[in-house]
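Comments concern the structure below.
Below, chain A is the first sequence line, B the second, and so on; all start at residue 1.
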There are 2 protein chains.
Amino acid sequence: MAERCCPPPPDCCDMRGMLSFYILWVLSKKPMNGQEISEELGKRRGTKPTAGTIYPALKELRKKGLIEVERKGRTTSYTLTKSGKIAMEKACRYFCSAFGEIFHEYEEK
Amino acid sequence: MAERCCPPPPDCCDMRGMLSFYILWVLSKKPMNGQEISEELGKRRGTKPTAGTIYPALKELRKKGLIEVERKGRTTSYTLTKSGKIAMEKACRYFCSAFGEIFHEYEEK
DNA sequence: ATCCTATTATAGGACATCCAATAAATCAGA
DNA sequence: TCTGATTTATTGGATGTCCTATAATAGGAT
């Protein structure tokens, strides 16, 4: 069911990483529960993180005060806090300056 | 001495990852030795990987046949193989499609 | 009440990436 | 030759990300 807008990860090298950053990124769009976050990451990165991946990461982000948690019956809604929003923007600047070159050259083709 | 074209990594979330991919990327520009690769990564990502990081990664890439090694006196020159070049381009496509959205929105500001 | 499903969550193991510390090999210069 | 600088390389430990189980919890349907 997941619309794929991304090829699967290559096997040449490890493309893991940036999970917490990416979670902050999708949460900056709107609050979501765990399943929705997984879905969003799946659409973007080509692989959908499983429960054993996503929940420990969310727990850590909460411990750092970057996201807030609100339980609503069966689901749990995660929201960026103010400091989470600031942190995300900073991380975003770093990410784009660290990897921008690759992206720019790719776009030129 | 290292020209910095990148802010230091944020402390909000872990920005590790993509090391092997980034090594393939810089080697696609020109063959380099270990120190030069470290320097190039340092300029781009804001932190320079140490020996204990870079050499195991190079060893692994060599084992996979993605890079070639030529010892020249004191230094060792690393070069992309043909299959390394192909793998790098594939990884590049994946990377850009997985993270392109973040770049695009950042560039729009 | 009882089932079924969705959702959240943890445990345990694998691996890449990171560092500091240590070492060895080579070259250049005194 | 000896000394110091450069470069390569390994070790050992920490952490984040990833999976496959496994489990707990809550809501809806019968």
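- Scanning for salt bridge (charged side-chain N to carboxylate O under 4.0 Å, His left out) contacts around A/E101 gives B/R44, with sequence neighbours left out.
- Taking only side-chain atoms of A/R16, from C-beta outward, the nucleotide of D/dA9, C/dC18, C/dC15 with the closest atom is C/dC15.
- A heavy atom lying under 4.0 Å from DNA chain C marks none of the residues of residues 84-95 of chain B.
- Within the structure, the salt bridge (charged side-chain N to carboxylate O under 4.0 Å, His left out) test picks out the following pairs touching residues 71-93 of chain B (sequence neighbours left out): B/K85-B/E89.
- Residues meeting the side-chain contact (heavy atoms from CB on, under 4.5 Å) test with A/E60, sequence neighbours left out: A/K63, A/K64.
- With sequence neighbours left out, the side-chain hydrogen bond (donor to acceptor under 3.5 Å, both in side chains) criterion links A/E105 to B/K29.
- Within residues 20-32 of chain A, no residue is approached by DNA chain C to less than 4.0 Å at the level of any non-hydrogen atom.
- Judged as a ring-ring contact (aromatic ring centres under 6.0 Å, His included), the pairs with a partner in residues 74-102 of chain A (not counting sequence neighbours) are, in order, A/F21-A/F95, A/F95-A/F99, A/F95-B/F99, A/F95-B/F103, A/F99-B/Y22, A/F99-B/F95.
- Remark: A/H104 pairs with no residue by the ring pair (Phe, Tyr, Trp, His ring centres under 6.0 Å) rule, at least two apart or across chains.
- Judged as a salt bridge (charged side-chain N to carboxylate O under 4.0 Å, His left out), and not counting sequence neighbours, A/E68 has no contacts.
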Notebook entry, point to check: Along nucleotides 20-30 of chain C, 5' to 3', which nucleotides get a B, which get an S, and which get a -, given that the test is a protein heavy-atom distance under 4.0 Å?
Noted result: B-----BB---
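- Within the structure, salt bridge (charged side-chain N to carboxylate O under 4.0 Å, His left out) pairs that include any residue of residues 6-16 of chain B comprise B/D14-B/R16 (at least two apart or interchain).
- The end-to-end axis angle of the helix from C/dA1-D/dT30 to C/dA30-D/dT1, rounded to 10 degrees and based on five pairs per end, is 10°.
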